[in-house]
Amino acid sequence: MTKTYLRWLLVVSAFSTGFAEQKAPHDIAALLGLTNWALSSLWLYWLFWLDTTQRGYPRPLALRRAVLAMSALVIPFYFYKTRGLWKGIWAIGRALGMILLIMMAYVIGVLTAQLA
């Protein structure tokens with residue numbers, strides 16, 4: 001599976017979670033949110049794994065654990081280390097754009113559920 005498919009999987013997951021959380025009872029909605037968080041973390045780790053494999057960058061144990069535990073801090077550092085300053089800044093900007101797209105998909109899912 002390529003990185004592009006994984007990115008779109010995150011967007012579809014956010015949309016469907018936003019939709020389902022509005023239609024489900026409260027206790028099930030909380031479980032859906034937790035499940036989406038866990039799957040998103042795994043998909044983010046898989047993206048990291050694919051990127052390091054593609055770039056031939058080593059994955060020491062500390063980096064792998066840090067990506068799972070503190071991805072908001074470690075992923076920008078990883079982009080800087082693997083791509084250099086300017087390409088790293090560009091990659092961070094693209095990642096922030098992807099986060100914005102995922103948030104928008106969640107909100108659209110919520111609004112769609114309320115209109116349905």
Side-chain angles (χ1 to χ4, degrees):
M1 184 175 284
T2 65
K3 293 187 288 185
T4 303
Y5 291 134
L6 281 173
R7 290 182 188 118
W8 283 111
L9 191 60
L10 286 168
V11 172
V12 170
S13 173
F15 174 83
S16 59
T17 299
F19 185 88
E21 282 181 349
Q22 297 302 309
K23 296 294 186 181
H26 182 66
D27 54 341
I28 295 175
L31 182 61
L32 287 172
L34 184 62
T35 303
N36 184 47
W37 172 79
L39 287 174
S40 296
S41 296
L42 289 173
W43 290 330
L44 178 66
Y45 186 77
W46 196 0
L47 276 170
F48 161 74
W49 190 273
L50 288 172
D51 192 68
T52 56
T53 302
Q54 187 180 52
R55 295 183 176 280
Y57 192 78
R59 290 181 293 264
L61 182 61
L63 181 62
R64 287 181 286 172
R65 288 183 179 167
V67 165
L68 286 174
M70 305 175 295
S71 58
L73 299 173
V74 174
I75 296 294
F77 175 75
Y78 167 75
F79 285 154
Y80 167 72
K81 290 297 277 184
T82 57
R83 291 161 172 81
L85 179 62
W86 296 112
K87 286 184 180 178
I89 290 171
W90 177 251
I92 292 167
R94 289 181 60 204
L96 290 174
M98 193 67 204
I99 290 168
L100 181 63
L101 182 63
I102 289 168
M103 289 169 49
M104 287 173 38
Y106 179 83
V107 169
I108 291 170
V110 168
L111 293 175
T112 304
Q114 289 178 352
L115 294 175

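What you see below is based on every heavy atom in this structure, not just the backbone, and it leaves out hydrogens, waters and symmetry mates.
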Would you kindly check if the NZ (Lys) or CZ (Arg) of Arg59 is within the cone defined by 45 degrees around the ring axis of Trp49 and under 6.0 Å from the six-membered ring centre?
yes
Within one Ile-Leu-Val-Met-Phe-Trp-Tyr cluster: Val11 and Trp43, side-chain cutoff 4.5 Å:
yes
Which heavy atom of Ala24 sits nearest to which heavy atom of Ala29, and what is that distance?
CB-N, 4.2 Å
Spell out, yes or no, whether Trp8 and Ile102 are grouped together once hydrophobic residues are joined by side-chain heavy atoms under 4.5 Å, including indirect joins.
yes
Just checking Met98: does its CE atom have more than 12 heavy atoms from other residues, nucleotides or ligands closer to it than 6.0 angstrom?
yes
Sequence neighbours left out, cut at 3.5 Å: what donor-acceptor pairs do the side chains of residues 68-78 make with other protein atoms?
residue : atom : partner : partner atom : Å
Tyr78   : OH   : Asp51   : OD2          : 2.6
Tyr78   : OH   : Thr52   : N            : 3.4

Taking side chain as C-beta onward, heavy atoms only, is Leu9 less than 4.5 Å from Trp46?
no
Are Phe79 and Tyr57 connected into the same hydrophobic cluster when the rule is that any two of I, L, V, M, F, W, Y join if their side-chain heavy atoms are below 4.5 Å apart?
yes
Heavy-atom nearest pair, Lys3 first then Gln54, reads NZ-OE1, 2.7 Å
Does Leu31 share a hydrophobic cluster with Phe19, counting links as ILVMFWY side-chain heavy atoms below 4.5 Å and allowing steps through other members?
no
Which donor-acceptor pairs under 3.5 Å do the side chains of residues 106-116 make with protein atoms, sequence neighbours left out?
residue : atom : partner : partner atom : Å
Tyr106  : OH   : Glu21   : OE1          : 2.3
Thr112  : OG1  : Ile108  : O            : 2.6

Is the Tyr45 ring parallel, tilted or perpendicular to the Phe48 ring (thresholds 30°, 60°)?
tilted
Kindly write out the residues that satisfy ring-ring contact (aromatic ring centres under 6.0 Å, His included) with Tyr80, not counting sequence neighbours, or none if the list is empty.
none
Pairwise distance OG(Ser40) to CG(Leu6) - rounded to 0.5 angstrom
11.0 Å
Flag yes if more than 12 heavy atoms outside Lys87 fall under 6.0 Å of its NZ atom; otherwise flag no.
no
Hydrophobic cluster identity match, Ile92 and Leu47, side-chain contacts under 4.5 Å
no
